[in-house]
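Any value given below was found using the heavy atoms of this structure, including those in side chains, with hydrogens, waters and symmetry copies removed. If you read the sequence from its start, that first residue is 1, and numbering goes on from there.
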Amino acid sequence: MLSKSQARMFFFGGTIFFSSIFILLTIDTLAKVDERQNVDLLTPSVIRGKEIWDSNNCMGCHTILGEGAYYAPELTQAVSRRGVQWLTIFLRDPAAMFPGQRRMVDYDFTDAQIEDVIAFLDWIGKIDTNGFPPEPDLRPPAAPVVASTATSASRPAYFDEVCVACHAVGGKGGGVGPALDGVAKRFSEEELHRWLADPPSVRPGTAMPNLNLPDSTRTELVRWLRTLE
Ligand code: HEC
Ligand code: HEC
């Protein structure tokens with residue numbers, strides 16, 4: 001049994017001890033806030049992106065840092081998951097990346113606004129969140145370079161940024177479009193160029209969007225696609 005004075009000591013001692021731990025941890029957290037949220041990366045573009053984010057009520061459907069509505073994908077890691085190229089095409093025309101099943105609003109953003117939104121999402125993604133969100137990376141893992149006999153053209157980065165969302169190669173990638181294994185047998189170099197330059201003009205009504213590829217990217221893609229025999 002504690003005596004009355006021991007009980008009082010116990011009460012005050014415990015209160016002071018745990019209160020000071022609580023206060024120290026609070027100070028420690030506050031001191032790290034600036035560093036963890038990368039204040040120095042807050043460019044005017046990020047701030048404009050945040051304003052677009054707020055004024056269009058993106059939180060009405062999406063979450064960032066776990067805050068918001070659970071109707072649409074969590075966007076904290078959107079940039080590292082999808083890449084800038086994919087997001088740019090998607091925000092320009094959300095239907096393009098999800099043919100026939102679009103639920104995301106088409107906001108008619110200008111290119112500058114799209115850049116700002118992506119800058120904002122990129123900044124959000126760089127906040128040190130202690131590993132949040134914990135879900136697995138939803139982006140399909142990059143497929144191993146397919147063994148090629150024809151040339152040694154390497155798999156273009158653009159393919160893993162954008163095309164892989166819809167096409168599989170070697171069993172890895174999206175299923176919106178056909179798998180591209182063996183595509184070199186189905187299309188000549190010239191046909192591939194024409195297709196990638198403007199799919200709807202080759203096959204009206206196709207679900208493959210015109211991705212407005214720069215010539216050099218198209219050439220690199222075709223060179224690699226020609227090795228998929
Ligand atoms: C009405 C609900 C709704 C609103 C509002 C909305 N989105 Fe979406 N968004 C979606 C849905 C649903 C998807 C999943 C793809 C689809 O079905 O089109 C999506 C997908 C996305 C993606 C792609 C995520 C991924 O990794 O696939 C991004 C980026 C995105 N939205 C950004 C925004 C931004 C920025 C805003 C505000 C300007 C916004 N969204 C407002 C419903 C919404
Ligand atoms: C939004 C989804 C989507 C994206 C992104 C996309 N494609 Fe496609 N692609 C399709 C669909 C759907 C078809 C089938 C078109 C049809 O038959 O109308 C297709 C067809 C093709 C074909 C013809 C394949 C065949 O066997 O008929 C090639 C080659 C191709 N895509 C290459 C690419 C490359 C390279 C990229 C990236 C630069 C790309 N695609 C990006 C959806 C997409």
Side-chain angles (χ1 to χ4, degrees), residues 45 49 52 72-73 75 77-122 125 137-143 145-146 148 151 153-228:
S45 175
I52 295 172
L75 295 181
Q77 295 298 334
V79 174
S80 63
R81 180 168 73 226
R82 293 296 198 179
V84 171
Q85 309 254 35
W86 190 98
L87 289 174
T88 307
I89 298 164
F90 175 77
L91 289 173
R92 213 176 271 148
D93 178 9
M97 288 304 190
F98 297 94
Q101 43 163 323
R102 173 183 81 87
R103 272 156 286 151
M104 161 85 178
V105 188
D106 187 348
Y107 283 100
D108 274 329
F109 287 139
T110 62
D111 285 356
Q113 286 173 315
I114 290 174
E115 236 171 74
D116 293 342
V117 169
I118 295 176
F120 170 64
L121 291 174
D122 188 41
D137 189 340
L138 298 179
R139 185 169 163 175
V145 175
V146 175
S148 93
T151 73
S154 63
R155 182 175 168 121
Y158 190 92
F159 189 85
D160 289 314
E161 278 252 297
V162 176
C163 320
V164 81
C166 295
H167 291 286
V169 169
K172 296 215 172 90
V176 176
L180 295 181
D181 306 272
V183 75
K185 288 206 198 81
R186 302 195 286 280
F187 299 94
S188 70
E189 180 169 344
E190 203 251 312
E191 283 168 327
L192 285 173
H193 266 291
R194 234 174 343 119
W195 176 250
L196 292 185
D198 187 6
S201 82
V202 177
R203 217 175 284 164
T206 180
M208 169 140 163
N210 183 346
L211 299 164
N212 297 309
L213 301 171
D215 287 352
S216 57
T217 309
R218 199 178 67 234
T219 304
E220 197 192 349
L221 284 164
V222 170
R223 195 175 301 143
W224 177 69
L225 289 171
R226 290 292 301 155
T227 66
L228 304 180

Problem - Val105 versus Pro94, closest heavy-atom pair with distance - result: O-CG, 3.4 Å
Problem - Spacing of Arg223 atom CZ and Ser154 atom OG [to the nearest 0.5 Å] - result: 9.5 Å
Handout entry: Side chain proximity check, Ile118 to Ile114, heavy atoms < 4.5 angstrom
Key = yes
Practice task
Sequence neighbours left out, what passes side chain to side chain contact (heavy atoms under 4.5 Å, CB included) with Pro204? Give chain and number order.
Solution key: none
Problem - Main-chain N/O of Phe187 paired with Arg226 side-chain donor or acceptor, under 3.5 Å - result: yes
Handout entry: Close aromatic pair by centroid cut-off 6.0 Å: Phe159 and Trp224
Key = yes
Problem - Leu228 and Arg186, any side-chain heavy atoms less than 4.5 Å apart - result: no
Exercise for the section: Kindly compute the distance separating CE (Met97) from CG (Leu211), expressed to the nearest 0.5 Å. Expected result: 5.5 Å
Practice task
Decide side-chain contact (heavy atoms from CB on, under 4.5 Å) for Trp195 and Leu225; before the verdict, give the C-alpha distance in whole Å, the side-chain angles of both, and the deciding distance to 0.1 Å.
Solution key: CA-CA 12 Å; Trp195 176 250; Leu225 289 171; over 6 Å; no
Problem - Side-chain touch Tyr107/Val117, heavy atoms, less than 4.5 angstrom - result: no
Practice task
Write down the atom of Pro209, the atom of Pro199, and the distance for their closest heavy-atom approach.
Solution key: O-CG, 3.6 Å
Exercise for the section: Enter the distance from Glu161:CD to Leu87:CG here, rounded to the nearest 0.5 Å. Expected result: 8.5 Å
Practice task
Mind listing the closest non-hydrogen atom pair of Glu191 and Ser188 along with its distance?
Solution key: OE1-N, 2.8 Å
Exercise for the section: First locate atom CD1 of Ile89, then atom CG of Asn210, and finally report the distance between them rounded to the nearest 0.5 Å. Expected result: 9.5 Å
Completion exercise
Minimal heavy-atom distance between Gly171 and Asp181, with the atoms involved, is N-OD2, 4.4 Å
Problem - Note, Thr88 side chain near Arg92 side chain (heavy atom, < 4.5 Å) - result: yes
Exercise for the section: Please round to the nearest 0.5 Å and tell me the distance separating atom CG of Leu196 and atom CE of Met208. Expected result: 5.0 Å
Exercise for the section: Can you see which heavy atom on Asp116 is nearest to which on Ser45, and at what distance? Expected result: OD1-OG, 2.8 Å
Practice task
For the pair His167 (side chain) and Gly174 (backbone), establish whether a donor and an acceptor sit closer than 3.5 Å, ignoring hydrogens and angles.
Solution key: no
Exercise for the section: Please test Glu115 against Thr110 for side-chain contact (heavy atoms from CB on, under 4.5 Å), starting from the C-alpha separation and ending with a verdict. Expected result: CA-CA 9 Å; Glu115 236 171 74; Thr110 62; over 6 Å; no
Exercise for the section: With side-chain contact (heavy atoms from CB on, under 4.5 Å) as the test, would you mind laying out the steps for Val164 and Arg155 before giving the verdict? Expected result: CA-CA 11 Å; Val164 81; Arg155 182 175 168 121; 4.0 Å; yes
Problem - Euclidean distance, Arg194 CZ relative to Arg218 CZ, rounded to 0.5 Å - result: 11.5 Å
Practice task
Could you tell me whether the side chain of Asp106 and the main chain of Asp93 form a donor-acceptor pair under 3.5 Å?
Solution key: no
